[in-house]
Amino acid sequence: MSNSLKHQLIDYYQSLSLSPELPTTQSNPPISSSPTPLSASSSSSSAVAADVSGGLGNISGNINYRGTTPQVVDSDLTITNVGTLNGARVLIGNFDASKDRLGIDGATNGSSPDGVNWNYDQSRGVLTLDSATALSSDVYQGLLRRVTYANTDAANPGAARNIQFSLGNLLANPENGHFYQFVTNEGISWNDARTATNGLNYLGKQGYLATITTQAEQDFIQSRVSGNGWIGASDAAVEGDWRWVTGPEGLATNDNGGTGQLYWRGNSTGAAIDGRYNNWDLQRGEPNNSTDGGKPDGEDYAHIVGNANAGNIGKWNDLPNQQDYTNFIGYRPQGYVVEYGGLATDSSPTVSASVTLNFTGTVGNAGTPAVGTSSRVPNFGGNPDVNGFNTPEILWRNYGNGSVSGENAVWGINYDAANPTNPFSLNTDSRLTKAIREVKDTNWEIEGLYDVDNNGISDIFWRNYNTGENAVWFMIFDANTGIDVDVSSTTRTQTLRPVEDTSWEMEGVTNFGGSSGPQILWRNYRTGDIAIWAYNYDPNVAGTGALTLDLNRSKTLTPKVPTDWTIEGWADFNNDAIPDILWRNYRTGENAIWKLNNTTTGDNPYFNVPDGYVITPIADTQWEVADVIDFDADGVADILWRNYRTGENAIWGMQSGGDYNLAKTNPINTPPVTDTQWRLEGTADFTGDGVPDWVWRNYRTGEDAIWRMKRDANDGNRYAFDGGSFIYQGIDITWEIEGPSPSRDII
């Protein structure tokens, strides 16, 4: 900072009547430091925790997709209580063959080391996975978690898609989750076919002759019928009263006193009952109860036409139970259609589940950033522009030993989109660029920024690494005096529960997406422990009682993690609105992610050991994680790297629940920053375009700069440098940037 600004700050401090120190208390015990360890490793396989319901579980429900890059559909699905499988299927509902693609890691065909082959049928929108022998369901679980969807038309992707996962070799109908199979058996009678289904079972679901009650079900079955096939309808009980006599519908007893659901009465000139679905070949006069060929009882059983010589493909026809087809060869049954699912007696695992995939706009539009990322913070006040955008500020703290030691300040930033060479500058408005309350004890460090009271202004979380005290400043913006700490009579600014063991470091503050207040992530770099403190915030309570620690949700996580593993980020890496933990080992170069959850009961609160997975290591430990951001607003956090030996920079575009996506991963060395005294101090959207920009500080020269970033349309919409400017030249390097991204990197 310049001397003139320092003098302004000193004058401002002297005019304050506030207490210069944070209030202190010594109440309540510190966080537990003795959890029951499960493992000494910070990562494990990519499997997730068991789902007690069995079968397919942990399906996300909804995801968003934009652009054309393959995106993982559901990295968290589980397969439990299923020992082995020899196949699985993934099906696109509302399928568009010209646009939709499924694959594994983006590849539409391939094979795994375990012997599973996969192939995407573009004409049907089906991804098949098969193995010659039955393999552990864990193998299929791992592959299904890597299933990706891509759309070739970013500008007009179409309506939402339903991505249906199913276990085994059969496809599940997205409409009802039932499975269907055409069993080939030339010339079989209807009665024999019905009896044969009694011996068929698919993953615990009893088979029966198919009952078809909607057009969607008809369409699904029709595409899989390879010849004339029996279905579960008959009018043998009462001529002309066509009923479903198999499956769940066959158990109905409330239709005119009959057994089985009545859906049609009469011949081809008859009518549907209560508008129930039918698909008779009315054009060919079916059903007609023909007695041609010596059929004494007529035709009392239904089949789907699969042979053009028997009528219109897919339509229904009536036939006798059995007859001599010598003169009616085109009508000869080739088999029967079996349906699995819907019976109350089924005691099976869940074998099909779906994810709804929504299209949220074209690439380049600002979306919803991943939970925990800093793409739009910090904001300390001021008036938003006509688009409702409020340019972030830069938060400073002085950790030196001189006359300005312990002082804090905020810089307002101007952005001029019309200036191609120097778009950023320091705002001279004294309400936005000003000193704020000082804290002379430099053992107090800024460790988090989070808008607790949802007033649009970031609040500041503190920790004292000498005493173990913790505190939060609730920030307000006054139209006359600008940004400052709320010290009114109803202030919520307060000390928080202390943690006297100063080996506990406050790693970040965020929200789990739906809870009433913030969560604090803790790491003990002496014992290896990790913990989460959850707070409740009640806006109806004045004063410090509005923010209270929720002991029921404040937990120590297991397992302990060796202290050479460092927490480098806390953000959502699998698009479930819950922040996850990014780890880096600066001794080995390994990297890993812990996928967290909202569960606070049982032995493993917030984290199950199988939910940890490794990502690509970087052996050169001079590569440091500079920030965790969501540069493409796809709901998945990405990783920003800087090498403090070579000066290189890079972005890893991460896949939901997985490793980086090569298509969104690139070095950013234009312009070069070979002077490693330049430190990346965080990211925030300073321009309002939804793309995080970079904040730099040179701790040798005192220079400060911002890089405006973009998604380069000429390079696959990759993250790239767009323009930048020096915003200030200072000489006092004891001033450190604490926002956008607070850290313990005290220079």
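Because the structure is a prediction, the values reported are computed rather than measured.
At a cut-off of 3.5 Å, with distance as the only test, no side-chain donor of Asp451 or Ser458 sits close to an acceptor on the other residue. Residues Asn398 and Thr734 bring a donor and an acceptor atom of their side chains to less than 3.5 Å of each other. Under 3.5 Å, the side chains of Asn427 and Asp429 contain no donor-acceptor pair of N or O atoms. No hydrogens or angles considered: nothing links the side chains of Gln519 and Tyr450 as a donor-acceptor pair under 3.5 Å. Asn443 and Asn464 share no donor-acceptor pair across their side chains, judged by distance under 3.5 Å alone. Side chain to side chain, Asn575 and Ser656 fail the donor-acceptor criterion of an N or O pair below 3.5 Å. Using a 3.5 Å distance cut-off with no hydrogens or angles, the side chains of Tyr586 and Glu568 do pair a donor with an acceptor.
Once rounded to the nearest 0.5 Å, the distance linking CD1 of Ile457 with CG of Leu449 reads 13.0 Å. Interatomic distance, CH2 of Trp396 versus CG of Asn408, reported as 12.5 Å (0.5 Å rounding). Distance CH2/Trp623 to CD/Glu648: 4.5 Å, rounded to 0.5 Å. One finds the OG1 atom of Thr683 at 10.0 Å from the CE atom of Met709 (value rounded to the nearest 0.5 Å). Note that CH2 of Trp594 and OH of Tyr613 are 13.5 Å apart. Values are rounded to the nearest 0.5 Å. Note that the CD1 atom of Ile706 and the CD1 atom of Ile727 stand 4.0 Å from one another [nearest 0.5 Å].
For Arg708 and Asp693, the salt-bridge test fails: no basic side-chain N is under 4.0 Å from an acidic carboxylate O. A salt bridge does not link Asp632 with Arg711: none of the charged nitrogens is closer than 4.0 Å to a carboxylate oxygen. Using a cut-off of 4.0 Å between Lys/Arg side-chain N and Asp/Glu carboxylate O, Arg161 and Asp100 are scored as salt-bridged. A salt bridge is absent between Glu736 and Arg679; no separation between the charged side-chain nitrogens and carboxylate oxygens falls under 4.0 Å. Between Arg642 and Asp627 there is no salt bridge, since no side-chain nitrogen of the basic residue lies less than 4.0 Å from a carboxylate oxygen of the acidic one. Comment: Asp478 does not engage Arg431 in a salt bridge, judged by the lack of any side-chain N to carboxylate O separation of less than 4.0 angstrom. Under the 4.0 Å criterion applied to side-chain N and carboxylate O atoms, Asp153 and Lys99 are assigned as salt-bridge partners.
At least one side-chain heavy atom of Ile567 sits less than 4.5 Å from a side-chain heavy atom of Leu521. Contact check for Val72 versus Asn574: no side-chain heavy atoms found under the 4.5 Å cut-off. You'll find the side chain of Gln655 stays beyond 4.5 Å of the side chain of Phe573, heavy atoms only. The shortest side-chain heavy-atom distance between Glu681 and Trp694 does not fall under the 4.5 Å cut-off. Considering only heavy atoms from C-beta on, Thr148 stays 4.5 Å or farther from Leu102 through its side chain. When side chains are defined from C-beta on, Leu496 counts as touching Val472, because their heavy atoms get closer than 4.5 Å. In this structure, Phe477 and Leu432 have side chains that are in contact, with non-hydrogen atoms separated by less than 4.5 Å. Looking at heavy atoms from C-beta onward, Tyr399 lies in side-chain contact with Glu445 at the 4.5 angstrom threshold.
A perpendicular orientation is assigned to the rings of Phe721 and Trp707, their planes being inclined by more than 60° (bins at 30° and 60°). Taking the six-membered ring where the residue is Trp, Tyr660 and Trp652 present tilted rings, their angle falling between 30° and 60°.
Counting only distance, with no hydrogens or angles, the side chain of Thr68 and the backbone of Ala154 share no donor-acceptor pair below 3.5 Å. With hydrogens and angles disregarded, no donor-acceptor distance shorter than 3.5 Å links the side chain of Thr621 to the backbone of Arg587. Side-chain N or O atoms of Tyr719 include one that pairs as donor or acceptor with a backbone N or O of Pro692 at under 3.5 Å. Judged by distance alone, with hydrogens and angles left aside, the side-chain atoms of Asp704 form no donor-acceptor pair with the main-chain N or O of Arg697 at under 3.5 Å. No donor-acceptor distance shorter than 3.5 angstrom exists from the side chain of Thr433 to the backbone of Trp411, with no hydrogens or angles considered. Remark: the backbone N or O of Ala663 is not paired with any side-chain donor or acceptor of Thr69 at under 3.5 angstrom. Side-chain atoms of Asn591 come within 3.5 Å of backbone atoms of Thr616 as a donor-acceptor pair (strictly under, hydrogens ignored). Judged purely by atom type and a 3.5 angstrom limit, Lys434 has no side-chain atom pairing as donor or acceptor with the backbone of Gly482. For the pair Asp486 (side chain) and Met475 (backbone), a donor-acceptor distance under 3.5 Å is absent.
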Test side chain to side chain contact (heavy atoms under 4.5 Å, CB included) on Arg492 and Leu547 and set out the steps. CA-CA 7 Å; Arg492 290 156 177 164; Leu547 186 67; 6.0 Å; no
Side chain to side chain contact (heavy atoms under 4.5 Å, CB included), that's the test. Do Trp641 and Val625 meet it? Break it down for me. CA-CA 5 Å; Trp641 297 89; Val625 176; 3.7 Å; yes
Trace of the salt bridge (charged side-chain N to carboxylate O under 4.0 Å, His left out) decision for Arg718 with Asp712: CA-CA 5 Å; Arg718 289 186 176 185; Asp712 190 349; over 6 Å; no
What do the steps show when you test Ile578 against Asp572 for side chain to side chain contact (heavy atoms under 4.5 Å, CB included), and what is the final call? CA-CA 6 Å; Ile578 298 174; Asp572 182 8; 5.7 Å; no
Set out, in order, the CA-CA distance, both residues' side-chain angles and the distance that settles side chain to side chain contact (heavy atoms under 4.5 Å, CB included) for Glu393 and Ile413, then state yes or no. CA-CA 6 Å; Glu393 288 81 24; Ile413 302 298; 5.7 Å; no
Would you check, one step at a time, whether the test side-chain hydrogen bond (donor to acceptor under 3.5 Å, both in side chains) holds for Asp620 with Asn643? CA-CA 9 Å; Asp620 182 354; Asn643 190 310; 3.1 Å; yes
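The two atoms that bring Gly372 and Ala571 nearest to each other are C-CB, 4.1 Å, heavy atoms only. When all heavy atoms of Pro740 and Pro742 are compared, the closest pair comes out as O-CD, 3.6 Å. Nearest heavy-atom pair, Asp634 versus Lys664, reported as atom, atom and distance to 0.1 Å: OD2-NZ, 3.0 Å. For the pair Asn419 and Asn422, the tightest heavy-atom approach, listed with the atom from each and the gap, is OD1-N, 2.9 Å. Across every non-hydrogen atom of Ile483 and Ile476, the tightest pair is CD1-O, 3.1 Å. Here the closest non-hydrogen pair linking Val509 and Pro518 is CG1-CB, 3.7 Å.
Here the options are Phe461, Trp570, Trp533, the test is ring pair (Phe, Tyr, Trp, His ring centres under 6.0 Å), and the partner is Trp522; only Trp533 passes.
In summary, the aromatic rings of Phe686 and Tyr415 are positioned with their centroids too far apart to meet the 6.0 Å limit. Between Tyr65 and Tyr149, the ring center distance clears the sub-6.0 Å criterion.
Counting heavy atoms of neighbouring residues, nucleotides and ligands inside a 6.0 Å radius, atom CG of Asn401 does not exceed 12 of them.
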